[in-house]
Every structure is written in structure tokens, then in C-alpha cells.
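Everything below concerns the one structure shown next.
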Amino acid sequence: PFSNLMFCVALPSQRQEDFLGAIAGALAYIGGVPQSILYDNARNAVKRANRYEPIFTDLCDQCALHYGTTMMAARVRKPRDKPHVEGAVRIAYQRVYARLRGERFTSLAGLNARIGVLVDQLNDRAMTGKGYSRRMLFERKEAGLLAILPSASFEVKRAVHATVQRLLRGPGR
């Protein structure tokens with residue numbers, strides 16, 4: 001939250017796989033991995049909310065392990081735990097979402113390409129009352145603190161256990 005660098009993406013659903021894909025996209029966008037990632041208490045990330053020891057889903061745990069980071073969860077219904085995020089959402093609605101009104105998109109990829117352009121403009125724009133942009137501040141102060149991204153981004157893999165029906169042999173079968 002120091003530089004307020006933003007990343008936005010439209011997702012096809014709130015499913016865990018889409019959510020973790022967005023996390024991978026955000027990490028690729030900033031070019032590294034922070035020491036911790038603060039989640040809201042969304043069901044697609046947190047199995048059981050707890051002020052001190054939240055239980056994350058297995059996929060979130062695997063994602064954290066893959067990137068070598070720690071997952072943390074904000075307290076339920078406590079927007080003060082994440083004021084920068086709440087402010088960033090407001091700015092994203094004003095500077096990105098509002099500018100998309102009236103535009104038509106035929107694919108999610110097209111929508112995300114346009115969102116990417118608007119987010120880049122937002123990050124490169126000088127902040128009000130300051131002589132620097134979010135990206136400049138990020139590159140000067142935060143980028144060097146990030147861990148290196150793994151060579152491959154996180155992919156959701158699921159194991160499915162199935163049983164095979166026994167074949168009955170006998171008279172007339």
C-alpha cells in the first residue's frame with residue numbers, strides 16, 4: 001500500500017481458480033512476490049475466518065507455497081484493516097470502471113486489454129499534490145523489496161479419485 005500501485009482485472013466468476021489466476025496476474029504485473037498477501041475474508045480464499053488464525057483453502061495454501069509468500073486475512077467486517085484497498089477500489093471505480101461505461105466488449109480478453117490500458121494510465125499519472133506517480137514511487141521504494149517470481153506461474157491442478165465398478169461374471173452375464 002505504500003506506493004498505491006494498482007492492478008485490476010475482470011474475471012469470469014468468483015471461483016477459486018479465477019481468483020488465484022488474478023493473484024498470479026497481479027504478481028506478474030508488479031514483477032515480484034511480496035512477503036505477505038492480505039486477503040479479504042472471501043469464501044474463495046478463506047475456509048474459516050478467525051482474527052488470529054484464519055484457515056485458508058487448500059488451493060490458497062498451495063499458491064502461497066508456490067510463490068513463497070504468506071497469506072493473511074483481514075478481520076470480518078473491519079474495513080479499517082484494509083483502508084488502502086478500500087480507497088483503491090473507490091479510485092478504480094472512478095478512474096477505470098466509470099470510463100468503461102458506454103463501451104462494448106465482445107470478449108473478456110478485450111475487456112481486460114482495455115482495463116490494462118486504463119490501469120497503466122492511472123499508475124503512470126502523477127498523484128494529486130505530489131510530483132510523482134504510483135509507478136515511480138513503486139519502482140523507487142518497493143520493487144527492490146520483492147522476491148523473485150518463480151519461473152512458472154501458479155496453475156490449479158486437481159486430483160480426482162474415481163472408483164471403477166466391479167464387473168460381475170456369472171451365468172447369463
Side-chain angles (χ1 to χ4, degrees), residues 1-93 96-97 107-109 111-113 115-120 122-123 134-164:
F2 179 76
S3 66
N4 293 316
L5 188 75
M6 288 196 205
F7 173 77
C8 300
V9 66
L11 300 175
S13 74
Q14 290 285 322
R15 289 182 26 231
Q16 223 177 11
E17 293 83 0
D18 296 327
F19 176 73
L20 291 174
I23 295 295
L27 295 177
Y29 184 77
I30 65 172
V33 182
Q35 290 180 358
S36 64
I37 298 174
L38 179 65
Y39 282 100
D40 199 353
N41 270 300
R43 288 195 182 273
N44 55 9
V46 180
K47 270 197 262 187
R48 194 180 84 220
N50 183 299
R51 183 176 185 154
Y52 303 105
E53 293 291 327
I55 308 280
F56 289 95
T57 62
D58 293 338
L59 276 176
C60 281
D61 286 339
Q62 291 170 17
C63 182
L65 194 62
H66 175 79
Y67 286 110
T69 190
T70 302
M71 302 295 183
M72 296 171 32
R75 293 177 296 167
V76 178
R77 292 192 266 316
K78 298 289 182 187
R80 283 188 231 156
D81 284 1
K82 50 189 184 340
H84 292 315
V85 174
E86 299 294 334
V89 168
R90 181 182 52 77
I91 291 168
Y93 270 112
V96 177
Y97 185 71
S107 70
L108 189 61
L111 172 61
N112 280 326
I115 288 172
V117 168
L118 294 174
V119 169
D120 283 340
L122 175 63
N123 285 329
R134 289 172 171 83
R135 190 176 315 276
M136 288 170 58
L137 186 58
F138 173 79
E139 289 172 356
R140 281 188 205 151
K141 303 284 185 173
E142 290 182 307
L145 301 173
L146 298 174
I148 297 170
L149 280 168
S151 58
S153 66
F154 180 72
E155 290 184 31
V156 175
K157 298 176 184 169
R158 293 196 185 265
V160 177
H161 297 280
T163 54
V164 178

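Computed from a predicted structure; not experimentally measured. The first residue in the sequence is number 1, and the count goes up from there.
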Pairs touching residues 139-149 that satisfy side-chain hydrogen bond (donor to acceptor under 3.5 Å, both in side chains), sequence neighbours left out: S3-E142
For the backbone of [Y] and the side chain of [X], can you confirm whether one donor and one acceptor N or O come within less than 3.5 Å of each other?
X	Y	answer
N112	V9	no
Y29	G116	no
T69	P34	yes

Within 6.0 angstrom of Y97 OH, more than 12 heavy atoms from elsewhere: no
Any side-chain donor near an acceptor of the partner, T70 and Q35, under 3.5 Å: no
Measuring only between side-chain heavy atoms, which start at C-beta, is [X] closer than 4.5 Å to [Y]?
X	Y	answer
L65	Q62	no
F7	I30	no
S153	Y67	yes
N44	T57	no

For residues 145-152, please give each side-chain donor-acceptor pair under 3.5 Å, one per line with the distance, not counting sequence neighbours.
none

Could you tell me which non-hydrogen atom of A73 sits nearest to which non-hydrogen atom of L38, and how far apart they are? C-CD1, 3.8 Å
Provide the closest heavy-atom pair for C60 versus M71 in the form atom of the first, atom of the second, distance. O-CE, 3.6 Å
Results of side chain to side chain contact (heavy atoms under 4.5 Å, CB included) for I91 - residues two or more places apart only: M6, R95, L122, R134
From R48 CZ over to I55 CD1, what is the distance, rounded to the nearest 0.5 angstrom? 4.5 Å
Kindly say whether the aromatic ring centers of Y39 and F56 come within a distance under 6.0 Å. yes
